[in-house]
Amino acid sequence: MEKMPVLFVGHGSPTNIIEDNPFTEGWQQIAKEIPTPTSILCISAHWYTGGQLVSQAEKPETIYDFYGFPQELYEISYPAPGAPALAQQAAPLFTPPAMLDSIRGLDHGAWSVLHFMYPNADIPVCQLSVNNLLLPQQSYQMGQLLAPLRQQGTLLLGSGNIVHNLGLVNWQLNGGYPWADEFDDYAKQAIVTGQHSKLVNYQQAGASAQKAFVTKDHYDPLLYVLGAAGTTSKVRVFNDARVLGSISMTSYLFED
């Protein structure tokens, strides 16, 4: 079976779900350019837990974990089948083993992107939580433990935002603040050159790192993905943009 690539996606605002824009087009296009996965393991910023969990619901519900958005958003569902066998395979890769969650559905970090990548909702999906107890190096090591799943046709998908500071969002700004551009560029240069230690030790970016995010929920999915991808992968950058001042949509495909 062909070894699957690894993907990190900047998912941005839930409004992308009902928009046809360059970002949603980027998600659609990237799905056409990679092998069709047999299953998907999504590491989403919106499942941020005190420990490592993996979902094993057979029919995961669509979670609307956002408020105050157009009603149209709440009328869209993503009825993909769950992947309990994958969850049970992934859990023991960790020490201690990840806890299995039979109730958790798909949050918008997962389904807002998959809605465009695989609109038929016919590929089994489970989610891996972002463990908020881990140091950055440990999150990276968690990703390394997931790497063998690529050999069986599983797509490892990290969904977050490298720059994500909602307290500094400017709805009138189309691009990014200079510091947001600076941190996103720091990350991009480190990723494309395989210098993953610069992402683990992101404070090396200087002052821009202090504003890039307040909590690591949207950043840590990148570390899981980098660990799973390794330092020798061919990197493709897409959706390279900052929006609303303080959110990065920049996304990465890692292929061997």
Side-chain angles (χ1 to χ4, degrees), residues 5-13 15-16 19 21-30 33-34 43-46 109 112-113 130 135-137 139-140 143-144 156-256:
V6 185
L7 189 62
F8 174 81
V9 171
H11 64 248
S13 170
T15 57
N16 285 311
E19 293 180 4
N21 60 39
F23 306 123
T24 62
E25 291 172 6
W27 302 336
Q28 291 171 320
Q29 186 60 36
I30 209 69
E33 296 178 9
I34 65 175
I43 305 111
S44 168
H46 292 278
S112 67
V113 176
V130 177
L135 297 172
Q137 180 64 37
S139 296
Y140 184 85
Q144 291 176 316
L156 302 177
L157 169 64
S159 179
N161 297 99
I162 292 174
V163 177
H164 185 266
N165 191 329
L166 296 183
L168 297 178
V169 160
N170 183 339
W171 293 96
Q172 279 69 53
L173 187 59
N174 290 326
Y177 294 116
W179 59 261
D181 292 339
E182 179 182 334
F183 187 81
D184 208 37
D185 188 60
Y186 168 88
K188 180 167 58 178
Q189 295 305 315
I191 291 170
V192 299
T193 58
Q195 299 182 77
H196 292 178
S197 63
K198 290 187 175 182
L199 284 307
V200 171
N201 301 296
Y202 58 86
Q203 299 91 341
Q204 293 178 6
S208 64
Q210 298 175 17
K211 292 184 177 180
F213 43 82
V214 178
T215 59
K216 299 200 291 62
D217 49 349
H218 279 69
Y219 183 77
D220 279 358
L222 173 68
L223 299 180
Y224 281 75
V225 163
L226 292 175
T231 58
T232 60
S233 295
K234 179 182 177 182
V235 182
R236 195 186 325 177
V237 186
F238 65 104
N239 286 358
D240 187 356
R242 274 61 54 206
V243 297
L244 306 179
S246 60
I247 295 176
S248 163
M249 297 297 293
T250 309
S251 303
Y252 298 90
L253 176 68
F254 302 87
E255 301 173 290
D256 286 353

Item checked: Straight-line distance of Leu226 CG to Leu199 CG, nearest 0.5 Å -> 5.0 Å

Margin query: Could you check whether any side-chain N or O of Ser159 sits under 3.5 Å from a backbone N or O of Gly109, counting only pairs where one atom can act as donor and the other as acceptor?
Written below: yes

Checklist line | Approximate separation, where rounding is to 0.5 Å, of Ile43 CD1 and Tyr224 OH | finding: 8.0 Å

Notebook entry, point to check: Atom CD1 in Ile162, atom CG in Asp185: separation rounded to 0.5 Å?
Noted result: 11.0 Å

Check: What salt bridge (Lys or Arg N to Asp or Glu O under 4.0 Å) pairs are there with at least one residue in residues 188-202, not counting sequence neighbours?
Finding: Lys188-Asp240

Next item on the list: Might you point out which heavy atoms bring Ser246 and Leu168 nearest each other, and give the distance in Å?
Entry: OG-C, 3.4 Å

Check: Between Glu25 and Gln29, does any side-chain donor sit less than 3.5 Å from a side-chain acceptor?
Finding: no

Check: Which residue pairs satisfy the side chain to side chain donor-acceptor pair (under 3.5 Å) criterion with at least one member in residues 161-171, sequence neighbours excluded?
Finding: His164-His218

Next item on the list: Might you point out which heavy atoms bring Ile247 and Gly12 nearest each other, and give the distance in Å?
Entry: CG2-CA, 4.5 Å

Checklist line | side-chain contact (heavy atoms from CB on, under 4.5 Å) evaluation trace for Leu222 with Ile191 | finding: CA-CA 10 Å; Leu222 173 68; Ile191 291 170; 4.0 Å; yes

Checklist line | Closest non-hydrogen atom pair between Ala209 and Tyr202, with its separation | finding: CB-O, 3.5 Å

Check: side chain to side chain donor-acceptor pair (under 3.5 Å): which pairs involve residues 173-184, sequence neighbours left out?
Finding: Asp181-Arg242, Asp184-Arg242, Asp184-Ser248, Asp184-Thr250

Next item on the list: State the OG-CH2 distance between Ser112 and Trp27, to the nearest 0.5 angstrom.
Entry: 5.0 Å

Notebook entry, point to check: Closest heavy-atom contact between Ser233 and Phe254?
Noted result: CB-CB, 4.0 Å

Margin query: Please verify the inter-ring angle class for His196 with Tyr140; under 30° counts as parallel, over 60° as perpendicular, anything in between as tilted.
Written below: perpendicular

Notebook entry, point to check: Looking at residues at least two apart in the chain, or sitting in another chain, which of them share a salt bridge (Lys or Arg N to Asp or Glu O under 4.0 Å) with Lys211?
Noted result: none

Check: Can you tell me how far OH of Tyr252 sits from CG of Leu7, rounded to the nearest 0.5 angstrom?
Finding: 12.0 Å

Notebook entry, point to check: Val225 and Phe8: which non-hydrogen atoms are nearest, and at how many Å?
Noted result: CG1-CB, 4.1 Å

Note to self: Suppose the criterion is salt bridge (Lys or Arg N to Asp or Glu O under 4.0 Å): which pairs have a residue in residues 213-233, not counting sequence neighbours?
What the structure shows: Lys216-Asp220

Notebook entry, point to check: Of all heavy-atom pairs between Pro221 and Ala45, which one has the smallest distance, and what is that distance?
Noted result: CG-N, 3.9 Å

Check: Got a second to check how far Asn16's CG is from Asn21's CG, nearest 0.5 Å?
Finding: 5.0 Å

Checklist line | Pair listing, salt bridge (Lys or Arg N to Asp or Glu O under 4.0 Å) test, anchored in residues 247-256, at least two apart | finding: Lys3-Asp256, Arg150-Asp256, Arg236-Glu255

